[in-house]
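Below is one structure; the comments refer to it alone.
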Amino acid sequence: METKLREGKGSAALRRSEPLRLRTELKAIIYLIPFLVPFAVFYLWPVLRGAWMSLHVWGIQGMEKYVAFANYKKILTNSDFYTYLWHSLYFVLLCAPTVIILGLVLALIINQNIWLRTLIRSVYFLPYVLSVSVISFIWLRLFDAKNGPVNAFLHLLGLPQDIHWLTDHRFVWWAITIATDWWTVGFVMVLFLAGLQEIPADQYEAAKIDGANAWKRFLHITLPGLSRVLKIQIFYQIISCLKLFGQVQIMTGGGPGDSTNTMIRYIYVTGFKKDMFGLASAQSIIFCIIMLLIAVIQFKITDRSNG
């Protein structure tokens with residue numbers, strides 16, 4: 001009898017809490033509407049529209065013919081697609097590790113109690129507030145083969161010949177990487193600096209008492225303490241490097257030859273230069289799927305290493 005009474009009270013309480021739960025969920029939906037509406041208009045609808053366009057021959061004047069998956073077949077059987085995809089991945093291999101390492105080194109230096117620490121932090125972060133067009137034009141002048149300051153400095157160090165940074169395929173990717181690292185390293189540094197300041201100082205003091213040198217403290221305290229920040233940095237830098245466009249468009253125009261054409265520039269040229277918006281949409285969908293797969297693989301690897 002008592003059990004039945006308790007069950008009756010429990011069910012009554014559950015019935016009373018049901019309207020409250022529904023009101024809470026309704027309030028949550030109302031609060032989300034200011035975000036969901038712009039998201040649907042500016043993100044979700046363009047993606048769906050692009051997917052629909054990818055199934056058609058579509059020019060500047062609109063839809064011309066439905067071709068189903070013919071655009072996708074055309075892309076996957078075109079060797080240029082794999083060449084430009086490799087260029088994008090190659091830039092990831094060059095830029096992502098260098099900017100993360102440089103940002104971490106700068107954060108470790110600035111995290112020390114050094115003179116003018118705030119000024120130094122601001123100087124390194126300042127380029128990040130500039131647009132990609134500004135930094136590209138700056139480095140376009142700096143890497144000028146005849147009158148650029150970079151070659152002038154190398155001549156002072158004893159280099160006899162000019163380096164054609166932006167027209168020699170041996171150096172052009174390094175020029176783009178240097179410009180991108182200079183532009184983004186301040187942002188990476190600030191994130192690492194925030195992570196370093198969250199590591200308790202008493203851990204370092206205990207390690208010093210136990211006789212751990214600076215390298216061991218870095219390996220066993222700093223790196224584990226920065227694991228979450230490092231995971232975010234790797235993900236963000238991989239995606240950012242895959243989306244390379246502005247630096248290439250302004251500094252090299254995809255040259256010399258086709259050596260710096262990337263996937264984003266390939267999509268741009270297909271859509272806006274060749275007036276093939278359906279094909280460009282299909283290229284975008286394929287590249288988006290590739291980036292998602294890379295992100296999933298990266299998260300799986302980092303989760304396994306953290307575990």
Side-chain angles (χ1 to χ4, degrees), residues 50 75 78-100 102-103 127-151 162-188 233-277 279-292 294-295:
I75 294 167
N78 187 349
S79 61
D80 286 343
F81 167 76
Y82 299 99
T83 300
Y84 302 147
L85 178 60
W86 164 242
H87 289 169
S88 296
L89 294 173
Y90 181 66
F91 181 70
V92 172
L93 296 175
L94 283 180
C95 187
T98 54
V99 74
I100 289 173
L102 286 172
Y128 187 72
V129 304
L130 302 176
S131 67
V132 64
S133 57
V134 172
I135 69 103
S136 297
F137 278 114
I138 289 173
W139 284 96
L140 189 65
R141 297 297 301 167
L142 290 174
F143 282 127
D144 184 87
K146 295 297 181 183
N147 303 309
V150 174
N151 276 349
D162 291 329
I163 295 178
H164 297 272
W165 291 97
L166 302 177
T167 56
D168 191 328
H169 65 88
R170 295 174 300 174
F171 303 107
V172 65
W173 275 115
W174 285 108
I176 296 171
T177 300
I178 291 169
T180 306
D181 284 354
W182 177 80
W183 179 34
T184 58
V185 71
F187 175 74
V188 178
Q233 291 279 24
I234 293 172
F235 169 76
Y236 179 79
Q237 293 305 324
I238 288 175
I239 299 301
S240 296
C241 292
L242 284 172
K243 296 191 299 180
L244 173 70
F245 173 72
Q247 301 94 302
V248 167
Q249 180 69 8
I250 295 172
M251 295 174 67
T252 67
D258 243 3
S259 61
T260 58
N261 249 330
T262 60
M263 275 301 301
I264 300 296
R265 192 172 187 278
Y266 179 42
I267 295 167
Y268 164 78
V269 170
T270 302
F272 293 97
K273 298 291 186 180
K274 298 181 179 180
D275 190 24
M276 298 179 180
F277 290 107
L279 188 62
S281 297
Q283 293 168 351
S284 301
I285 296 296
I286 292 174
F287 191 47
C288 181
I289 293 172
I290 291 172
M291 287 197 292
L292 287 174
I294 291 173

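Keep in mind the model is a prediction, meaning the values are calculated, not measured.
Note on residues 169-183: pairs passing salt bridge (charged side-chain N to carboxylate O under 4.0 Å, His left out), not counting sequence neighbours, are Asp168-Arg170.
One distance of note links CD1 of Ile250 with CG of Leu166; it measures 12.0 Å at 0.5 Å rounding. Atom OG of residue Ser284 and atom CD1 of residue Ile264 lie 7.0 Å apart, to the nearest 0.5 angstrom. For the atom pair CG of Leu102 and SG of Cys95, the computed distance is 9.5 Å after rounding to the nearest 0.5 Å. To the nearest 0.5 angstrom, Thr98 atom OG1 is 9.0 Å from Ile178 atom CD1. The distance from atom CG of Asn78 to atom CD of Gln283, rounded to the nearest 0.5 Å, is 8.5 Å. Residue Ile75 holds its CD1 atom at 10.0 Å from OH of Tyr82, rounded to the nearest 0.5 Å.
Listed for the Trp183 side chain is a donor-acceptor partner under 3.5 Å among the backbone atoms of Leu130. In this structure, His87 contributes its side chain and Thr262 its backbone to no donor-acceptor pair below 3.5 Å. Between the side chain of Ser88 and the main chain of Met263, a donor-acceptor pair closer than 3.5 Å is present. Judged by distance alone, with hydrogens and angles left aside, the side-chain atoms of Gln233 form a donor-acceptor pair with the main-chain N or O of Val188 at under 3.5 Å. Side chain of Asp258 to backbone of Asn261: no donor-acceptor contact under 3.5 angstrom is found. Listed for the Arg141 side chain is no donor-acceptor partner under 3.5 Å among the backbone atoms of Pro149.
Looking at every heavy atom in both residues, His164 comes nearest to Thr167 through CB-OG1, 3.2 Å. Nearest approach of Ser259 to Val172, heavy atoms of both residues: OG-CG1, 4.3 Å. Heavy-atom minimum distance, Ala96 versus Cys241: N-SG, 3.9 Å. In plain terms, the two heavy atoms of His169 and Pro256 that are nearest each other are N-CG, 3.8 Å. Looking at every heavy atom in both residues, Ser136 comes nearest to Gly246 through OG-O, 3.8 Å.
In this structure, Phe143 has its ring center no closer than 6.0 Å to that of Phe171. A ring-centre distance under 6.0 Å is found for Trp182 and Trp139.
Contact annotation: the side chain of Ser240 never approaches that of Thr184 to less than 4.5 Å [non-hydrogen atoms, C-beta and beyond]. The closest side-chain heavy-atom distance from Leu242 to Leu89 is below 4.5 Å. Taking the side chain as every heavy atom from C-beta outward, Leu244 and Ile176 approach each other to under 4.5 Å. Side-chain contact between Val99 and Thr180 is absent, with no heavy-atom pair separated by less than 4.5 Å. Between Phe287 and Tyr266 there is no side-chain heavy-atom pair separated by less than 4.5 Å. The shortest distance between side-chain heavy atoms of Tyr268 and Gln249 falls below 4.5 Å. Here the side chains of Thr260 and Phe91 are not in contact, with every heavy-atom distance at 4.5 Å or above. Asn151 places a side-chain heavy atom less than 4.5 Å from the side chain of Trp165.
Enclosure of atom CZ in Phe272 is not indicated, since only 12 or fewer non-hydrogen atoms of other residues, nucleotides or ligands lie within 6.0 angstrom.
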Begin from the C-alpha positions of Met291 and Ile238 and carry the test side-chain contact (heavy atoms from CB on, under 4.5 Å) through to its verdict. CA-CA 9 Å; Met291 287 197 292; Ile238 288 175; over 6 Å; no
